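Report on the following structure.
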Amino acid sequence: MCQLLGMNCATPTDFNFSFRGFKCRGGDTDVHSHGWGIAIYEGRGVRTFHDPLPCAVSPLAEMVSSYPIKTLNMMAHIRYATQGSVSLENVHPFQREMWGIQWTFAHNGEVPMFTRKSPNPNDPQDEEQATLDHCGSGLHSCSGHDGMPMLGRCSEAVFHPVGDTDSEAVFCAMLNALRAEFTTLPTLPVLYEAIQRLCCEIIRGKETETIFNFLLGCGQFTMFAFSWPGSRPGSLVWNGLHYLVRYPPFSKAKLKDMDYAVDFNDTNGDDDRVAIIATKPLTTNENWKEFKRGQLLMFDYGLPYSRPYECAAIERCGRGLSSRAIPRGEICPYKYQYNIPKLLRKAVFKALGKEDDDGSNSNNIWSERAVDLGCGSGLSGLQFRSCVRHLTGVELSGEMAEEARERGCYNRIVVGDAECVLHKENISDDSCFDDVIWYDFVFACDLIPYIGDLRPIFNTVQRSLEYKGGTFAFSAEILTDLSSDTKDDEDGFVMQRCARFGHKQWYITSLAEEFGFLTLNTTESTVLRQHDGRDVLGTIFVFGLNVS
């Protein structure tokens with residue numbers, strides 16, 4: 001199959017190093033010899049180069065690899081044709097204008113929902129399927145002679161594929177769905193949720209057959225990347241996505257596909273930061289991270305974001321979509337999740353009987369030592385900084401931890417999972433007892449939906465609070481099928497279609513009781529976000545642990 005390369009940067013950066021190694025895979029160190037393409041954003045414009053020749057021998061590719069074009073956002077693609085002829089019209093990235101914005105798309109995989117299959121006239125099932133494809137069925141109808149499936153609310157196609165690949169058909173269908181849904185320019189958290197819904201719709205019912213890895217550029221600042229990895233039948237090649245972020249202090253990087261290395265300390269400054277996304281790692285001595293199945297990341301300013309409230313913070317910085325052709329939409333804090341830190345703060349202050357001063361009174365300290373689980377870029381930490389004497393942030397992503405560190409609201413940042421609240425490094429002895437660190441306040445904003453079995457985290461938090469007692473507060477997405485909301489159920493949590501866990505209320509409250517927590521506050525059901533056009537309800541829990 002094909003391979004992808006993307007770069008998203010904090011400052012204008014050239015892509016020569018990464019592209020030099022990437023192009024070797026187009027017919028030299030790998031088999032992807034059926035054409036290549038690249039899209040490079042510059043302001044409101046985008047440069048594109050396409051060539052049906054193998055990238056490794058293409059004179060155009062050699063020119064691009066040595067031409068020092070600087071950009072904040074780019075993507076490249078080398079093709080191994082599984083659908084569509086080896087021709088210029090089938091070379092990625094594909095490009096369309098929508099809402100006065102240049103959109104680009106590159107894909108690796110196979111999408112059965114958009115695969116064009118010539119029916120066998122002697123096979124009744126094929127004949128029936130051909131009729132359905134032509135006339136439309138179920139949630140997906142068709143418009144025009146090409147029979148392209150529709151996504152979301154779309155009922156009439158505006159964008160059509162020029163070539164005959166499933167990749168271009170998917171791109172057009174996604175744009176048609178976004179165009180049908182929005183009459184104003186969507187903000188980044190809204191767009192994130194919409195793309196996530198479309199990805200789930202494309203995969204649904206074809207989970208085992210679908211391989212769906214893509215890069216989606218939507219203007220000079222922002223790139224989305226999604227991975228639904230897999231292998232073709234009979235193939236041992238795994239098709240997924242990996243990424244890394246280079247930031248100060250920089251180090252030396254060595255390409256995997258050729259004998260070439262660069263010390264980025266010599267070429268990059270303190271303000272530089274670059275995220276690189278690739279089908280397979282490009283270098284041999286850097287810590288690449290593989291996307292999780294079904295993971296959608298938004299890259300902006302050289303950092304990955306996976307939570308709508310984090311996307312909203314970027315929107316507020318003025319780095320959202322920009323258009324002269326369509327009015328901008330409004331951010332809705334109640335509906336799109338980025339307001340969870342404020343909702344959590346309000347629930348905690350109410351539970352403890354504290355007067356909420358919105359952080360304006362720096363002397364209102366009621367927690368000696370607190371920890372923010374899944375702190376992300378630090379928005380949640382900012383909400384509680386004024387009432388905590390010593391604040392620790394725990395974050396699985398090293399890049400996001402660095403962003404949180406830059407906010408300056410944490411006394412300590414630990415990179416790892418929730419178990420890291422027990423780690424002792426850089427902590428004075430008076431904060432430790434036996435083998436753990438004590439806390440009197442543990443909170444988590446939008447972390448629980450990424451964890452199924454909550455028993456380990458309750459155990460970890462209980463151990464952290466049992467020295468002095470304290471408070472445990474978090475948000476959770478609650479399953480609303482009350483008919484099955486009893487302790488007789490085998491499972492207290494379910495993986496939802498959006499690849500996030502929903503939990504049952506009895507499950508959370510029974511764990512709290514088991515580990516000795518008292519319920520201090522439980523909010524009424526609140527709409528945290530939407531999925532497939534339906535409200536996703538959530539609850540904020542505040543538990544207390546008393547010690548004798």
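In this chain, numbering begins with 1 at the start of the sequence shown. Since the model is a prediction, treat every value here as computed from it, not as a measurement.
More than 12 heavy atoms of other residues, nucleotides or ligands shown are found within 6.0 angstrom of NZ on Lys289. Residue-environment remark: OH (Tyr301) stays at or below the threshold of 12 foreign heavy atoms within 6.0 Å.
Without hydrogens or angle criteria, Asn73 side chain to Thr222 main chain gives a donor-acceptor distance under 3.5 Å. In this structure, Thr523 contributes its side chain and Ile540 its backbone to a donor-acceptor pair below 3.5 Å. In terms of modelled atom types and a separation under 3.5 Å, the side chain of Arg345 and the main chain of Gln383 share a donor-acceptor contact. Remark: side-chain polar atoms of Thr279 are paired, donor with acceptor, to backbone N or O of Leu4 under 3.5 angstrom. A donor-acceptor distance shorter than 3.5 angstrom exists from the side chain of Asn176 to the backbone of Val158, with no hydrogens or angles considered. Between the side chain of Tyr192 and the main chain of Ser306, a donor-acceptor pair closer than 3.5 Å is present. The backbone N or O of Arg369 lies less than 3.5 Å from a partner atom in the side chain of Asp440, making a donor-acceptor pair. For the pair Asn213 (side chain) and Gly109 (backbone), a donor-acceptor distance under 3.5 Å is absent. Judged by distance alone, the side chain of His503 and the main-chain N or O of Gly452 form a donor-acceptor pair under 3.5 Å. Side chain of Arg385 to main chain of Arg389: a donor-acceptor pair is present (N/O by atom type, distance under 3.5 Å, no hydrogens or angles).
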**Report entry** Arg197/Glu181 under salt bridge (charged side-chain N to carboxylate O under 4.0 Å, His left out): CA gap, chis, key distance, verdict
**Finding:** CA-CA 12 Å; Arg197 292 197 306 270; Glu181 182 168 352; 2.3 Å; yes

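Cation-pi geometry between Arg293 and Trp228 is satisfied (NZ or CZ under 6.0 Å from the ring centre, within 45° of the ring normal). Cation-pi geometry between Arg96 and Phe159 is not met at under 6.0 angstrom from the ring centre and within 45 degrees of the axis.
Phe224 has its side chain out of reach of Asp300: every pair of non-hydrogen atoms, C-beta onward, lies at least 4.5 Å apart. When side chains are defined from C-beta on, Pro229 does not count as touching Phe291, because their heavy atoms never get closer than 4.5 Å. Contact check for Leu545 versus Gln462: side-chain heavy atoms found under the 4.5 Å cut-off. Within the 4.5 Å cutoff, no side-chain heavy atoms of Met7 are placed close to those of Met75.
Using bins of under 30°, 30° to 60° and over 60° for the plane-to-plane angle, the ring pair Phe474/Phe458 lands in the perpendicular bin. Using a 30° and 60° split on the angle between ring planes, Phe441 and Trp366 fall in the tilted class, from 30° to 60°. Aromatic ring orientation, Phe212 versus Phe214: tilted (interplanar angle from 30° to 60°).
Under the 3.5 Å distance criterion, with hydrogens and angles disregarded, a donor-acceptor pair is assigned to the side chains of Tyr507 and Asp453. A donor atom on one side chain and an acceptor atom on the other are not found under 3.5 Å apart for Glu42 and Gln220.
Looking at Asn268, Asp271, Asp272 one by one, the single match for side-chain hydrogen bond (donor to acceptor under 3.5 Å, both in side chains) with Thr11 turns out to be Asp272.
Atom OH of Tyr410 sits about 13.0 Å away from atom NE2 of His390, to the nearest 0.5 Å. Atom CZ of residue Phe226 and atom SG of residue Cys200 lie 6.5 Å apart, to the nearest 0.5 angstrom. Residue Gln196 holds its CD atom at 13.5 Å from CD of Glu201, rounded to the nearest 0.5 Å. Between the CZ atom in Arg463 and the OG1 atom in Thr460 there is a gap of 7.0 Å [rounded to 0.5 Å].
Under the 6.0 Å cut-off for aromatic ring centres, Phe384 and Phe443 qualify, their centroids lying closer than that.
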